[in-house]
Amino acid sequence: MKVDRFTTDGTWTVPAGVTYAVAHITGGGGGIGTASSGAGGNSSVAFASGTVTATGGGAINAPNVATTEGTYAGAANSGYGAGRAGRDGASFGIGMNGGDGAIIVAGAEVTPAASITVTVGAGGTAGTNGSAGGSGYVWIEYLA
């Protein structure tokens, strides 16, 4: 079993003798902030039989948290949403996370030497006083 890994957009050229591949696809994680954070981008693999897409995670805009204790970004190539810890005016603990990117595993027949488009979703943008989500990734497994 061999694996080709994509952390940015690209093209996978099907190796000689390969007739079937399995794609592990994760969308980008959502950003977080008090305003203006963005959703994670979709990741996809365009097999000849159809494009398989993992949706990016949703953003969190949480203006009602009065005091921010801290935010943290989703790790690169993880598809994890950003997070935020804080408390409201009565000092109750509040934890929130941007949505994680969806994870899809799908296989398809492929033709040797064919070019297959791979898209890797960006992490959602950081909102005001927030952090960005982690970018997605794509792994393609095959027997050669």
Which atom of Ala59 lies closest to which atom of Ala39, heavy atoms considered: CB-N, 3.7 Å
- prompt: Would a distance-only check, ignoring hydrogens and angles, find a side-chain to backbone donor-acceptor pair under 3.5 Å from Ser44 to Thr51?
  reply: no
task: Ignoring hydrogens and angles, tell me if any N or O in the side chain of Thr125 forms a donor-acceptor pair with the backbone of Ser37 under 3.5 Å.
output: no
message: Looking at every non-hydrogen atom in both residues, tell me the closest pair between Gly134 and Ser78 and how far apart they are.
response: CA-OG, 4.3 Å
task: For Ser131 and Ala82, work out which heavy atoms get closest and say how close.
output: O-CB, 3.3 Å
task: Starting at CG of Leu143, measure out to NZ of Lys2 and round the result to the nearest 0.5 Å.
output: 10.0 Å
- prompt: Yes or no on side chain to side chain contact (heavy atoms under 4.5 Å, CB included) for Ile32 and Met96, after CA distance, side-chain angles and deciding distance?
  reply: CA-CA 8 Å; Ile32 195 164; Met96 296 176 218; 3.9 Å; yes
Donor-acceptor contact below 3.5 Å, side chain Thr71 vs main chain Gly83: no
Other ILVMFWY residues reachable from Val14 by side-chain steps of under 4.5 Å: Phe6, Trp12, Val18, Ile25, Val45, Phe47, Val52, Ile104, Val110, Ile116, Val118, Val120, Val138, Ile140, Tyr142
task: Heavy atoms only: give me the nearest Gly136-Ser43 pair and the separation to one decimal.
output: CA-OG, 4.2 Å
Donor-acceptor under 3.5 Å (Asp100 side chain, Gly29 main chain): no
- prompt: Measuring from Asn77:CG to Thr7:OG1, what's the distance to the nearest 0.5 Å?
  reply: 5.0 Å
message: Please list all pairs meeting side-chain hydrogen bond (donor to acceptor under 3.5 Å, both in side chains) that have one or both residues in residues 17-32, counting only residues at least two apart or in different chains.
response: His24-Glu141, Thr26-Tyr137
task: Check for a donor-acceptor pair, side chain of Asn129 on one end and backbone N or O of Thr34 on the other, with a separation under 3.5 Å.
output: no
